[in-house]
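Indexing begins at 1, ligand by ligand and atom by atom, following the structure's order. The figures that follow rest on heavy atoms only: side chains count, while hydrogens, waters and symmetry mates do not.
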Amino acid sequence: MKVYISKILGFLLSLFFYHCQAYPHYKFVVKEVPYTRLCNTKNILTVNGQYPGPTLYVHKGDTIAVDVYNRGKYNITIHWHGVKQPRNPWTDGAAYITQCPIAPGAKFRQKIILTTEEGTLWWHAHSDWLRATVYGAMIIYPKLGTSYPFAKPDAEIPILLGDWWIQDIVEVVDELFLSGGEGNYSNAFTINGQPGDLYPCSKQDTFRLKVEKGLTYLLRIINSAVQDMLFFSIAGHNVTLVGSDASYLKPLERSFFVISPGQTFDVLLEANQSPNHYYMAAKAYTVAAKGVFDNTTTTAIVEYSGNYTPSSPPLFPYLPEYNDSHAAVNFTGSLRSLADEEHPINVPMEINSHLFYTLSMNTVLCPNNSCSGPNGTRILASVNNISLVDPKIDILEAYYYCIPGVFGTWFPDFPPLFYNFTAEDLPMNLEIPTLATEVKILEYNSTVELVFQGTNLLLGSDHPMHLHGFSFYVVGVGVGDFDNEIDPLKYNLVDPPLSNTIIVPVDGWLAIRFKADNPGVWFMHCHFDRHMVWGMDAVFIVKNGESPDTKMSIPPSDMPLCRKPVPITSKCLSFSIKSSIRRSVCSTL
Ligand SMILES: *[C@@H]1O[C@H](CO)[C@@H](O)[C@H](O)[C@H]1NC(C)=O
Ligand SMILES: *[C@@H]1O[C@H](CO)[C@@H](O)[C@H](O)[C@H]1NC(C)=O
Ligand SMILES: *[C@@H]1O[C@H](CO)[C@@H](O)[C@H](O)[C@H]1NC(C)=O
Ligand SMILES: *[C@@H]1O[C@H](CO)[C@@H](O)[C@H](O)[C@H]1NC(C)=O
Ligand SMILES: *[C@@H]1O[C@H](CO)[C@@H](O)[C@H](O)[C@H]1NC(C)=O
Ligand SMILES: *[C@@H]1O[C@H](CO)[C@@H](O)[C@H](O)[C@H]1NC(C)=O
Ligand SMILES: *[C@@H]1O[C@H](CO)[C@@H](O)[C@H](O)[C@H]1NC(C)=O
Ligand SMILES: *[C@@H]1O[C@H](CO)[C@@H](O)[C@H](O)[C@H]1NC(C)=O
Ligand SMILES: *[C@@H]1O[C@H](CO)[C@@H](O)[C@H](O)[C@H]1NC(C)=O
Ligand SMILES: *[C@@H]1O[C@H](CO)[C@@H](O)[C@H](O)[C@H]1NC(C)=O
Ligand SMILES: *[C@@H]1O[C@H](CO)[C@@H](O)[C@H](O)[C@H]1NC(C)=O
Ligand SMILES: [Cu+2]
C-alpha cells in the first residue's frame, strides 16, 4: 500500500514538475516607483522597482517563462527584443499586433524561446512609449561546455544606453498626438540609468567601470533610448566589436561607433593604457533634426585601479559631429559576420519574394491648419505610403480566430509611385499617406529580399528598422536611390552581418534577406518610437507549413485577448470572405 501511494505521489509530483518546472520562471512586477534624476523626482514605471530593469541571464537554446504582473496604471506589453520565438508569436509582446495589452491588475505568463541567439539582447515595454523606463538586458551565454569565439574576457559588463525625460512619458506622447507636431525631446542620455558628470545633480551617481591594467572587458552595449541613435566612444581606447544583435561579428576595431535604438553590440575593451580616469561618452547622431534635438552628452568613467593621480577632469573621447552621416553609414557598411566553421551563415541565394519598401515622413491636413506640423499639418510616417493604423483587435487574434474586418492583406510589394526618392524639394502632394491596417502575407519557408529606400519627403532621416520573429542578413547599403541593376551586383553574400535592427541611412537604401520559416504574425517598424507611433510600420503574416512542427503553437491560456475567443472550428469557413488570399489565410489554420 505504502509503495502504491508513493508511486501515485511520484507520478503527481512529476506531473507538477512537468507543468510548473519544465523551464525557469521569473517574476516581473510592473509598478511605479519614484526616481530622482536631473534634480527632479518623479514616478516612473519600472519592473520590480528597478531602473534599468533586471537583467535576464540565459544560455543559448534555453526556454524561460516570465510572469508579468501589471501593477501600474497603464495598459502595457513586454517584448523580448531579438528573440525569434519560433512558432510562438503569442508572447512576442507587440501591442495590437500580437496581443492586447495587459490591463492594470492583470497578469500574463510569457514564454521566451531561444534558439540560435547568442550574445546580448534586451527586453522592453512595447506599448506607447512606456519602454522609456521599462527595459533591461538579456545576456545569452554560449551553451554549457562551449565558449566564445574569442579569448574569455576577464569580466562582462552590461552598458545600457538610455534617455531621461523630465516630463512624464505618457504626457509627452499625449502632447505629441494632440499637437500633431514633432513633440518634445529627452532631457538627458544615460549610461546604466545615470546621466553622468555633465548634467546637473548627477555627478555623485555617475556610473564607474573599475578596470585593472592588462585585463580585457566584454561590454554588452544596448541602445534603449526612445528616440536617438548615439555615437559612443571611450577616451584613449579603441574597442573591438565582436558581436551584434546576439550574433558574432568579425572583430572590428574602432575608436567610436554609432548604435541605434534597438541595436546591441558586444565589444572588447582592453585596459591597456596608462592608469588614469577615462570618460566613456555617448551623444546623439541625427541629421533630420536640423539642429533641434537633445544635444547633451552622457558619460561614465573607466577607472583604472592602482596608485596614481587621475587627470581632472577625466580624459574626454572624440565623438563625431552630431550630423556626421558619413561616419554612420561607413560604420554600418563595415560590419561583417564572423562566418567561420563553427558559426556558418546561411544567406538565401534564390529569392521567392522581392520587396521594395519606401520609408517616408508624411503630413496630413488638419482642420483650419491647426496642428503643429509644417504649415499647420499633422506629421505622420509610412512604409510604401501606408501609415499603419493600430486595429482595435490585435492582428494575431484576428488572424487566428478569423475575425473579419480587422486587417486587409494588400500591403504592396512596391511603393505606389516611383520618383526620385532622395531629390530635394519633392512636391508636397506626395507627402500625404494612406492610413490603413494592411499586412503582407508570406508563404511558409519562402525566401525574402527586402530593400528599404529612405525618401526625402518632408525631410530625410535615418531609420533603424527592426523586424520581430527573425534575424536578417544585411546584404547591401548605400546612399541615394537604389539602383536595381547595379547595386545587387555589389551585395555581400559571403559574410553579411546577421541583425534584428539596422540603420537605413538618411536618403539612402539598405537590403536585407531572410527565410520566412517562422509561422506567425510579426511586426516590423522603425525603432524610433516617434516614427513607430506615426505609422512607419509593417506587419508580416507568415503562413503555417504543412507539418505540425511548422505551424503556429496554440495560444497560452492566459492570453490577453481584445475580445472573447470564438470557437475556431467551422466559423472560419462560414465568414463571407472577400479575397482568395483571405480564404487561404483562414484555411491554413
Ligand atoms: C487598454 O486596453 C483595452 C483593450 O484593448 C482598451 O479597451 C482600453 O481602451 C485601453 N486603455 C487605454 C487607456 O488605452
Ligand atoms: C517639454 O518638456 C519641458 C521639460 O523638458 C517642459 O517644460 C515643457 O512643458 C514640455 N512641453 C512642451 C510642449 O514643450
Ligand atoms: C585606434 O584605431 C585607429 C584605426 O581605427 C588607429 O588609427 C589608432 O591608432 C588606434 N588607437 C589606439 C589607441 O589603438
Ligand atoms: C550642441 O552643444 C554644443 C555645446 O554643448 C554646442 O557647441 C553645439 O553648437 C550644439 N550643437 C547644436 C547643433 O545645437
Ligand atoms: C552639420 O551641421 C553643420 C551645422 O550645424 C553644418 O555646417 C554641416 O554642413 C553639417 N554637416 C553635414 C554632413 O550635413
Ligand atoms: C569607411 O571609411 C574608410 C576610410 O575612409 C574606407 O577605407 C572604407 O572603405 C569605408 N567603408 C565603407 C563601408 O564605407
Ligand atoms: C475653422 O475656423 C472657422 C473660422 O475661424 C471656424 O468657424 C470653424 O469652427 C473652425 N473649424 C474647426 C474645425 O476648428
Ligand atoms: C509650407 O507651405 C509653403 C508655402 O505653400 C511651402 O513653400 C512649403 O514647402 C511648405 N512646407 C512644407 C513642409 O510642406
Ligand atoms: C535625384 O535627386 C538627387 C538629389 O537631388 C540628384 O542628385 C539625382 O541626380 C536625381 N536623380 C535623378 C535620376 O533625377
Ligand atoms: C500616397 O497616397 C496618397 C493617397 O492615395 C497620394 O495622394 C500620394 O501622392 C501618395 N504618395 C506617394 C509618395 O506615393
Ligand atoms: C524549409 O526549408 C528548409 C531548408 O532551409 C528545409 O530543410 C525544409 O524541409 C523546408 N520545409 C518545408 C516544410 O518546406
Ligand atoms: Cu524612422
Discussion item. What I want to check is whether the side chains of H81 and R131 have a donor and an acceptor closer together than 3.5 Å.
Written reply: no
Worksheet, complete the sentence: heavy-atom search around atom 9 (O) of ligand 10 in the protein gives N429 O, 3.4 Å
Fill in: Which segment of T358 sits under 4.0 Å of ligand 10 when only heavy atoms are counted
neither
Fill in: N/O donor-acceptor pair under 3.5 Å between K283 side chain and P320 backbone
yes
Fill in: Nearest-neighbour protein heavy atom for atom 6 (C) of ligand 10, which is reported as residue plus atom name and distance
I432 O, 3.8 Å
Discussion item. Any protein heavy-atom neighbour for atom 3 (C) of ligand 3 (distance below 4.0 angstrom)?
Written reply: yes
Fill in: Between Q99 and T77: side-chain donor-acceptor atoms closer than 3.5 Å
no
Worksheet, complete the sentence: Only one of F331, F293, F231 passes ring-ring contact (aromatic ring centres under 6.0 Å, His included) with Y285, and that residue is F231
Practice prompt. Report yes or no: do Y491 and E449 form a side-chain donor-acceptor pair below 3.5 Å?
Written response: yes
Practice prompt. Just need the protein heavy atom nearest to atom 1 (C) of ligand 10, so name the residue and atom and give the distance.
Written response: N385 ND2, 1.5 Å
Discussion item. Give me the residue, atom name and distance of the protein heavy atom closest to atom 13 (C) of ligand 10.
Written reply: L430 O, 3.4 Å
Item to complete: Give a yes-or-no answer on whether the side chains of N500 and S471 include a donor-acceptor pair shorter than 3.5 Å.
Response: no
Response to the item:
Counting from 1 in the order shown, the ligand 10 atoms closer than 4.0 Å to a non-hydrogen atom of P416 are 14 (O)
Worksheet item: Where the Cu ion (ligand 12) is the centre, what is the ND1-to-ND1 angle for H463 and H531, rounded to 10°?
Response: 100°
Item to complete: Please identify which atoms of ligand 10 are closer than 4.0 Å to at least one heavy atom of L417.
Response: 14 (O)
Discussion item. Can you name the atoms of ligand 3, numbered from 1 with element, that are less than 4.0 Å from a heavy atom of N238?
Written reply: 1 (C), 2 (O), 3 (C), 8 (C), 10 (C), 11 (N), 12 (C), 14 (O)
Item to complete: Determine, using heavy atoms of R254 and all atoms of ligand 3, whether some pair is separated by less than 4.0 Å.
Response: no
Worksheet item: Protein heavy atom under 4.0 angstrom of atom 11 (N) of ligand 3, is there one?
Response: yes
Discussion item. Quick check: L457 and ligand 10, any N/O pair under 3.5 Å apart?
Written reply: no
Worksheet entry | Residue, atom name and distance, where the atom is the protein heavy atom closest to atom 5 (O) of ligand 10 | T434 OG1, 3.8 Å
Worksheet item: How about W410 and E438: does a side-chain donor come under 3.5 Å of a side-chain acceptor?
Response: yes
Worksheet item: Between the side chains of N184 and Q167, does any donor sit under 3.5 Å from an acceptor?
Response: yes
Discussion item. Let's go through Y278 and H237 carefully: what are the C-alpha distance in whole Å and the side-chain angles of both, what is the deciding distance for ring-ring contact (aromatic ring centres under 6.0 Å, His included) to 0.1 Å, and is it a yes or a no?
Written reply: CA-CA 9 Å; Y278 298 88; H237 295 74; 4.7 Å; yes
